[in-house]
Every structure is written in structure tokens, then in C-alpha cells.
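Input: a single structure, listed below in C-alpha cells.
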Amino acid sequence: MTQTLNHLFQELLDAESIFKNKEVLRHSYTPDVLVHRDEQTKELATILVSALRGETPSNILIYGKTGTGKTAVTRYVGKELENMSEKLNVKCTVIYVNCEIIDTQYRLLANLARHYGEEIPMTGWPTDQVFQKFKEAIDAEEQVLIIILDEIDKLVKKGDDALYNLSRINTSLKNARVSIIGVSNDLKFTEFLDPRVKSSLGEEEIIYPPYNADQIRDILYQRAEMAYNPGVLDSMVIPLCSALAAQEHGDARRALDLLRVSGEIADRQNEHKVYEEHVRQAQDKIEVDRVVEVVRTLPTQSKLVLFSIVYLTKNTDRSKKAITTGEVYMLYKKLCKIVDLDILTQRRITDLLSELDMLGIINSAVVSKGRYGRTKEISLAVSENSTYEVLLEDYKLSQLKDLQLKIGYF
DNA sequence: CCTCCACCGGAACGTGAGGAGT
DNA sequence: ACTCCTCACGTTCCGGTGGAGG
């Protein structure tokens, strides 16, 4: 048995991979050269350079949609700044925090304090005590501390106390200076902020526009050179990835995913080269994965609503008019009885439908049909069969497997 | 031009879970 | 251990509405 397994893995290892270094295509990777982001890089560096003179740089807010290079540029500049400060013998520290993971004031402060070797328990201490510890730790010597808060909007949603305290920290420090860089992909998130925090944080603002197809193409060429062995990419692969990603509002992350998954698919098919066809398959796979993930994590009620829509799509003939809210609600009520769920009001279902629309799982539009009222016309935006499968995975909904028998006439 | 359908979607309120403060 | 607050999720109530048919 062991021998067979050894053999098995040996074979797979020996098979020549088309990848040279796949890590380069992951989101977490920060390249040494950032293509098409010179302007933003320079702007950020110009603001931060005062740290090297021992002054406090302005606080900065950085906006831009996903995959526009915000994080990459910020991390890159941070790294360079630290390198430079070492050379110049100026004490300057950059701490990167991803607020999606560290999303409460307590965890944030504990995390920062731990950077300075403070022992903070996961829970239990009063928040201001942790804050105090942190202040003492950084104030121990003269230095400039730059805190990068990535996905800062996530932190704000749980209250802006953390930001309020942090933005005022300088007033109670003797030696150290702190400046904050907030990175957000939500342009409007400052609306939820206390005006004082808002003005303090937003001393400088940098906006990252989406990449266009040409720019994405350049980025991909740069990464592909590091990620793939020479000559394994068909000439159409990168232009196609760029074009597809440019349609998704210039998301470079999406483009890198496409490029990586295309390679993985080709690899799995034992091809020695990646072709256009693989990119198309990758596109489908990414989309399916996304939908599966979204649908699987839906609340049960939403799943049931979605199930109703899938059922209606499957069981009404195409020529018939689109599905309406009323139809969905009628079926939904019946299904609720079968699977033993509370029946929500139609008002609530309207909201659930809007959410599904926002998630891109269904398309809906309000249409007036004159005498016959006004309603949402609903259609499924994703593959009905794979959605159906995923929905049946739910413990409650699994009872709906052989539905025809149970509601028959519908 | 008016009516009136069948729903949309805003506002205010109720409830229970989970945190923070004391 | 206790209260107080906030938040997500739902409900109730209701004013609003585009346009086919009269």
C-alpha cells in the first residue's frame, strides 16, 4: 500500500508542471515592480517621506475598488519605507493590519500591542487597559509608527471608537508619533464616521481608478513571466484574461485568478501548454465556485425563496411570461409548510429578493403590467441545475428532493 | 383621461442575541 | 451578575405607482 502511494506521488511530482512559481499569482503576493501604479506610489511616498525626517506624516485614506492595487502599493511603499529608515538610522515602523480578520477594537489594539512584545490575553482585559499598554510600548522610544488598516470599512461597521482613539493618540504621546493609513474599497464609508474622525483620518486622500484592459495585460505579462515556464502560454491567453477581467470593472485580482486557474486546469488535463479554451473553462469554474459559495452561505429563508425561483424556472415553459413576486410567494408559502419553516410576510420576501438581486444570483426589475398590476419580474442569473444541487445540500431543503410528488398540480 | 391592479418600498416598531460597562 | 445598548431580522401599516383597459 505504502509503496503504491509513494509511487503515486512520485509520478505526480515527476510530471513536469507548467508552473515555475504559482505563488506569484496569489493575491497575497506583493511584486517588486508595480506596473501602472507609479503615480499612486509616488503620491503615497511623498506623504510618507516626512517619517524619515522624524516628522509625523498626515493620515491617509486610500480608496479604490477591489483589485486596483491599493493593498499591493501600500504594502510595497511600507516595505521600502522601513528599508530606508534602517539605512538612515531613523526608527520607523510600519504595521499592516487586515481589518477583515481583526475586526474589533479590542483585537486591533491587542494585535498592535503584541507587535511590541506585550503579552495581551485574547480576551478579558478592559479595552482601555490594552490601549494604555500599547501607548506605553510605543512611547518607550522616539519613533514614527505607521499603521496600515486594510479594509478599514469592516472595522468601522463595528463602531468607530477604535479609530477615534487611534486618531487622537498623538496628543498623549511624548516620544512616538503615529500616523494611520486607511485602505477601503467602499467610497462612501466615511459617511458612517464621526466627523472628527473623518477629518482627522482623511487629511490626505488617494483614489485608485480601475485598470483598463491594456494595463491589466501588462500586469499579467509581468507576473506570467515569473509564474509560468517560458513558452507554455498560448499567445491568446493573456489578452483574453485581460479582456475578461476588464469587463469586471478592471479587477486585476480577477485577472490573476483567471490566469492561475487556467493554468491549473491545463495542468490537470496534462497539457503542456495553456490555451484559450482553458481560460474559458477557468472563467466558468470561477463563476460556479462563486455562486456555490454564495448560495451555500445564504440563510435558510433566502434559500427557500431561491429554491422557489429555481423550481418555477424549471417547471414553467420558456414561452410563458417571466416569474413574478406573487408566484414566488405562493410557492414559497407551500414549501414552508412542507419543510416546517415559519412563513415570512410578503414584505420581507421583497427584501430577500432584492438581496438575491444584489448578490447577482437573480435578475429582477420592477415592471408595470397595466391593469394587471406592478411587480418584479424575476429570472435566475445563474445555472439552475448547479444552484438546485447546492440548495438541496441544506438540511431543511433536502426534503424537497422529489418535489413533484408532493405538490403535484403546481 | 381615468381607474385600478398587484405589488413596491419607506417608516416605525418588536424581539431576541450578543457585547460592553459597572 | 446585572443592566444597558446595539444590531440583525421581521412585522405592521400604508402611501405610491406605470400603464392596459375601459
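Naming: A, B, ... by sequence-line order, numbering from 1 per chain.
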Should [X] be listed as having a side-chain N or O under 4.0 Å from OP1 or OP2 of [N]?
| X | N | value |
| --- | --- | --- |
| T345(A) | dT11(C) | yes |
| K369(A) | dC7(B) | no |
| R371(A) | dG21(C) | no |

For this session: Going by the side chain to side chain contact (heavy atoms under 4.5 Å, CB included) test, name the single residue among T74(A), T71(A), I181(A) that passes it with D150(A).
Result: T71(A)

Problem set entry | Any donor-acceptor N or O pair under 3.5 Å, side chains Q143(A), T93(A) | yes

Exercise. Whole Å only: how far is the CG atom of D351(A) from the P atom of dT11(C)?
Worked result: 10 Å

Problem set entry | Salt bridge present between D257(A) and R253(A) (N-O < 4.0 angstrom) | no

For this session: Determine yes or no for a side-chain-to-main-chain donor-acceptor pair under 3.5 angstrom, with N363(A) supplying the side chain and A381(A) the backbone.
Result: no

Exercise. When all nucleic acid strands are considered with a 4.0 Å heavy-atom cut-off, which category describes L352(A): base, sugar-phosphate, or nothing?
Worked result: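 The answer is nothing, as L352(A) stays clear of every strand by at least 4.0 Å.
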
For this session: Kindly calculate the angle separating the two end axes of the helix from dC1(B)-dG22(C) to dT22(B)-dA1(C), each obtained from five base pairs, and round it to 10 degrees.
Result: 20°

For this session: Specify whether Y311(A) and F307(A) have parallel, tilted or perpendicular ring planes, treating 30° as the upper limit for parallel and 60° as the lower limit for perpendicular.
Result: parallel

Problem set entry | Sub-6.0 Å ring centroid separation between Y208(A) and Y63(A) |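 When the ring centroids of Y208(A) and Y63(A) are compared, they turn out to be at least 6.0 Å apart.
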
